[in-house]
Amino acid sequence: MDPALRPSIDEVWHWLAEVPDPEIPVISLTDLGIIRDVEWRDDTLVVTVTPTYSGCPATTIINLDIETALAEKGLSKVKLERQLSPAWTTDWISAEGREKLRDYGIAPPIDGTAADGVLMKRIDRLSGRSNLTIACPRCGSVNTEKISQFGSTPCKASYRCTDCLEPFDYFKCI
């Protein structure tokens with residue numbers, strides 16, 4: 001592609017911000033923090049993606065969605081690179097993404113509890129349970145209880161609010 005005609009990196013980032021996560025469509029791939037880099041290498045656009053975890057079943061769909069979105073903008077030479085290190089962490093979810101999760105009814109991960117090891121420090125040594133306070137995304141109450149370590153997807157846990165009695169998913173800290 002002629003360098004004078006190709007879109008800027010900022011424009012490409014804007015386009016990628018419109019690509020929804022296939023499992024949680026209210027949050028974009030950039031809000032999720034899995035798009036790590038975008039750059040031009042000669043006439044090829046290179047997009048670096050870090051999956052949420054290596055076994056994520058949505059990885060193939062995410063890559064296809066990125067390629068499709070960029071093809072719709074007229075980019076035919078796109079290369080996706082998978083970057084596993086550093087590993088993705090929920091701390092990379094943007095503030096806007098966290099609000100989108102909450103508005104959708106999913107309790108976002110608690111800031112700063114994943115990448116720096118704080119989460120492990122908040123495990124009760126006797127019960128083995130987390131002593132994190134997970135607020136209900138519907139009513140805001142902190143009177144919640146974990147129903148199951150596994151929710152609607154492997155990256156979420158099932159909780160229930162004991163005030164409004166509504167079930168909800170909590171996006172686990174990774």
Side-chain angles (χ1 to χ4, degrees), residues 1-117 119 134 137 148-159 167-174:
M1 173 176 275
D2 180 353
L5 300 176
R6 69 184 183 200
S8 70
I9 296 298
D10 286 341
E11 188 171 15
V12 174
W13 274 103
H14 177 75
W15 294 341
L16 292 171
E18 296 173 357
V19 180
D21 176 74
E23 292 178 337
I24 310 169
V26 297
I27 188 170
S28 74
L29 299 180
T30 58
D31 281 334
L32 195 54
I34 65 170
I35 307 290
R36 303 305 303 149
D37 193 27
V38 176
E39 66 178 324
W40 285 103
R41 290 189 198 150
D42 298 320
D43 63 344
T44 302
L45 182 72
V46 179
V47 179
T48 304
V49 181
T50 296
T52 54
Y53 67 99
S54 60
C56 178
T59 301
T60 302
I61 298 300
I62 288 169
N63 290 344
L64 181 61
D65 288 349
I66 291 168
E67 291 171 339
T68 300
L70 296 175
E72 288 173 355
K73 298 295 185 179
L75 299 178
S76 59
K77 294 186 90 176
V78 174
K79 179 180 180 187
L80 298 181
E81 290 187 349
R82 185 175 171 149
Q83 180 179 328
L84 299 178
S85 180
W88 179 84
T89 168
T90 50
D91 288 342
W92 293 357
I93 299 174
S94 71
E96 183 180 12
R98 291 168 188 276
E99 285 305 312
K100 289 176 183 178
L101 288 171
R102 188 176 289 106
D103 291 345
Y104 191 62
I106 297 172
I110 297 174
D111 292 339
T113 57
D116 61 6
L119 182 61
I134 310 299
S148 173
Q149 179 63 25
F150 301 99
S152 60
T153 62
C155 60
K156 295 191 278 300
S158 281
Y159 273 73
F168 64 91
D169 277 342
Y170 168 63
F171 202 114
K172 296 183 222 174
C173 296
I174 298 176

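Worth knowing before you read on, the calculation uses all heavy atoms, side chains too, and leaves out hydrogens, waters and symmetry mates.
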*Which heavy atom of Pro137 sits nearest a heavy atom of Ala107, and at what distance?*
CG-N, 3.8 Å
*How far does CZ of Arg41 sit from NZ of Lys77, to the nearest 0.5 angstrom?*
13.0 Å
*CD1/Ile110 to SG/Cys173 distance, rounded to the nearest 0.5 angstrom?*
6.0 Å
*To the nearest 0.5 Å, how far apart are CZ in Arg82 and OG1 in Thr50?*
9.5 Å
*Any donor-acceptor pair under 3.5 Å linking the side chain of Lys172 with the backbone of Thr90?*
no
*For Tyr53, look at atom OH and say whether over 12 heavy atoms of other residues, nucleotides or ligands are found less than 6.0 Å away.*
yes
*Have a look at Leu70 and tell me which of Val19, Leu16, Asp65 forms a side chain to side chain contact (heavy atoms under 4.5 Å, CB included) with it.*
Leu16
*Taking the side chain as C-beta and beyond, is there a heavy-atom pair between Ile66 and Val49 under 4.5 Å?*
yes
*Between Tyr170 and Tyr159, how do the two ring planes meet: parallel, tilted or perpendicular, split at 30° and 60°?*
perpendicular
*Is a side-chain N or O of Trp40 found less than 3.5 angstrom from the main chain of Pro7, in a donor-acceptor match?*
yes
*Hey, does the side chain of Arg98 reach the backbone of Ile93 with a donor-acceptor pair shorter than 3.5 angstrom?*
yes
*Taking the side chain as every heavy atom from C-beta outward, state whether Val38 and Val46 have any atom pair closer than 4.5 Å.*
no
*Are Pro109 and Leu101 close enough that some pair of their side-chain heavy atoms sits under 4.5 Å apart?*
yes
*asked:* Could you check whether any side-chain N or O of Trp13 sits under 3.5 Å from a backbone N or O of Thr30, counting only pairs where one atom can act as donor and the other as acceptor?
replied: no
*Of all the heavy-atom pairs spanning Ser152 and Lys156, show the shortest one and how long it is.*
OG-CE, 3.1 Å
*Apply ring pair (Phe, Tyr, Trp, His ring centres under 6.0 Å) to Phe171 and list each qualifying residue two or more places apart in sequence or on a separate chain.*
none
*From Thr68 OG1 over to Glu72 CD, what is the distance, rounded to the nearest 0.5 angstrom?*
6.5 Å
*Distance-only, no hydrogens or angles: does the Asp42 side chain make a donor-acceptor pair with backbone N or O of Thr44 under 3.5 Å?*
no
*Find out whether Val26 and Ile106 are in side-chain contact, i.e. whether some heavy atom of one side chain is under 4.5 Å from a heavy atom of the other.*
no
*Measure the CG-CZ distance between Asp43 and Arg6 for me, rounded to the nearest 0.5 Å.*
8.5 Å
_Could you report the tightest heavy-atom contact between Pro57 and Glu23, atom names first, then the distance?_
CG-OE2, 4.0 Å
*Over all heavy atoms of both residues, which pair between Phe168 and Gly105 is shortest? Give the atoms and the distance, please.*
CB-O, 3.6 Å
_Within this structure, what is the OG-NZ distance for the pair Ser28 and Lys100, rounded to the nearest 0.5 Å?_
5.0 Å
*Can you check whether Leu29 reaches Ile62 side chain to side chain, under 4.5 Å on heavy atoms?*
yes
*asked:* Quick check: do Leu84 and Pro51 have side-chain heavy atoms less than 4.5 Å from each other?
replied: yes
*Side chain to side chain, Asp169 and Ser158, heavy atoms closer than 4.5 Å*: yes
*What heavy-atom pair brings Trp88 and Thr52 nearest, and what distance separates the two atoms?*
CE3-O, 3.3 Å
*Do Val47 and Asp37 touch side chain to side chain, with heavy atoms closer than 4.5 Å?*
no
